[in-house]
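In what follows, a structure is listed as structure tokens, so that the remarks can point back to it.
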Amino acid sequence: MALSKGDKVAVLTSGGDAPGMNAALRAVARVGAELELDMVGVEDGYAGLIAGRVVPLSIRKLDEASRRGGTFLGTARSKEFATPDGQKKARDTIAREGIRGLVVIGGNGSLAGAHTLCDAETKGGPLLVAGIPASIDNDLACTSMSIGVDTAMNTIVEACDRIFDTAAAHHRTFIVEVMGRECGYLAMTAGIAAGADAVLVREVGKTDDEIVEHVVSTMRRAYSAPSEVGDTTKKRVLVIKAEGVHIDSARLKELVDTRIKQELPGTDTRVTVLGHVVRGGTPTAFDRLLGARLGNAALRALADGRTDVMAGWVGPGVPGPPTPYDPYVVLTPLEQVLAETAKLMSGESPLAMWRKKIFQEVERILQR
Ligand code: F6P
């Protein structure tokens, strides 16, 4: 059943924070205000839901927060929520506060938690629940990007650019470990963007020995390449290692060092674990916009009575099946591209009409 004016909708952020979460919160709060819903926040994810920490949402404060990383509402990885007692307490809060709808912003575990709450009883029927994917790991299906990935990727690339300078100066090999839990997406995409010499990800399924061999052969190639006078650029190696690759980075360095001692004397290796540096920081424009889009769609879906769903992003509405080379890449005949572009520019295409409608909606939402 669709929500009515004045219905209470709560929003929470859960699990690892991701840059752009605040932009999603802002969109949820602003669109909720536009739809005349009673919007509230829950502090510290499911831990706060269990403890009944429900607070008013200030659009003004969220406007400010949307430019920052982290999450304005706080977050947690609640073990208690996975227990029957924790679930009961969370449901009690929902009933006591008169919450009709819940928006959960988070990763895999957080959305699994959202799914369990879909049958929570409220005065108007079962709780309406919508999820928004936010995790720097990009390990969620049904969205091409989760909130936070783009910022994390940019942070890694910037760090690697810095590391490249010192690596080149000392002709060193750096193994840079990046977050991503079991998923190699962040390491691979950042590695390509940074111009890394090798990227190690769990998904490829290499044994420890094969990983060591991969690093050593990359070094061999780099250090044996003839260099022109004054050109030191090739006498350095940058290896990005995803967190999910189970061999410890320090151990990998040890094994590589043992192998190169005879073969490449004079070269040395260093390890940098970027860790939580990758998860913080100012969200990129892309992540802010992604947060805004997903927040908008999730809240409107709830208001329309949709439940047990996640709002995902699949990129611009380009027709045609994906290529066999990349699921997010389509090939469109140039003639069609030119015809569609002409319609876009003249305002006739569905995309043009959709944009016009959104521009008008955004204008209204920002007037609050
Ligand atoms: O899921 C996001 C993430 O940053 C992973 O990349 C990482 O493995 C994990 O969270 C770290 O979690 P915590 O901050 O709880 O140590």
Side-chain angles (χ1 to χ4, degrees), residues 12-25 43-48 50 68-82 86 104-115 131-160 175-191 193-194 196 199-204 240-252 271-284 286-287 290-291 294 310 312-313:
L12 61 82
T13 50
S14 161
D17 55 292
M21 274 183 162
N22 286 325
L25 284 174
E43 291 177 334
D44 297 335
Y46 293 116
I50 288 170
R68 296 196 300 271
T71 158
F72 178 79
L73 284 175
T75 186
R77 299 192 192 279
S78 170
K79 291 213 169 70
E80 192 185 357
F81 184 68
V104 173
I105 305 173
N108 194 9
S110 307
L111 299 189
H115 178 62
I132 297 180
S135 163
I136 63 162
D137 302 342
N138 216 28
D139 56 352
L140 271 165
C142 305
T143 185
S144 37
M145 289 282 263
S146 289
I147 294 168
V149 177
D150 186 62
T151 306
M153 210 188 299
N154 276 284
T155 304
I156 296 170
V157 170
E158 194 192 323
C160 287
I175 298 169
V176 179
E177 183 183 306
V178 303
M179 274 192 174
R181 209 180 283 276
E182 293 294 297
C183 182
Y185 181 92
L186 202 50
M188 186 54 82
T189 50
V199 184
L200 308 171
V201 292
R202 178 194 60 86
E203 289 87 334
V204 173
I240 306 246
K241 173 183 169 289
E243 179 188 12
V245 173
H246 289 147
I247 183 169
D248 181 75
S249 294
R251 176 74 185 138
L252 176 58
V271 170
T272 302
V273 178
L274 293 181
H276 288 79
V277 167
V278 167
R279 214 165 71 188
T282 304
T284 57
F286 178 87
D287 271 329
L290 184 61
L294 297 182
M310 181 192 86
W313 187 72

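Atoms within each ligand, like the ligands themselves, are counted from 1 in listed order.
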Open item on the list: Distance alone, cut at 3.5 Å: any donor-acceptor contact between the side chains of Asn154 and Thr284?
Closed with: no
- [ ] Verify, without hydrogens or angle tests, whether Ser146 (side chain) and Asn138 (backbone) share a donor-acceptor contact under 3.5 angstrom.
- [x] no
Open item on the list: Once you measure the plane-to-plane angle for Trp313 and Phe286, does it fall in the parallel (<30°), tilted (30-60°) or perpendicular (>60°) bin?
Closed with: perpendicular
- [ ] Indicate yes or no: does an N/O atom of Gly180 lie under 3.5 Å from an N/O atom of ligand 1?
- [x] yes
- [ ] Please report which non-hydrogen protein atom sits nearest to atom 3 (C) of ligand 1, along with the residue it belongs to and the distance in Å to one decimal place.
- [x] Arg279 NH1, 3.5 Å
Open item on the list: I'd like to know if the side chain of Thr13 and the backbone of Gly74 have a donor-acceptor N/O pair within less than 3.5 Å.
Closed with: yes
Task: Heavy-atom nearest neighbour in the protein, as seen from atom 16 (O) of ligand 1, with distance rounded to 0.1 Å - done: His276 NE2, 3.4 Å
- [ ] Provide the closest heavy-atom pair for Thr151 versus Thr282 in the form atom of the first, atom of the second, distance.
- [x] CG2-O, 3.3 Å
Task: Heavy-atom proximity to atom 10 (O) of ligand 1, best of Arg77, Met179, Glu243 - done: Arg77
TODO: Note the single closest protein heavy atom to atom 2 (C) of ligand 1, along with its residue, its atom name and the distance in Å.
DONE: Asp137 OD2, 3.3 Å
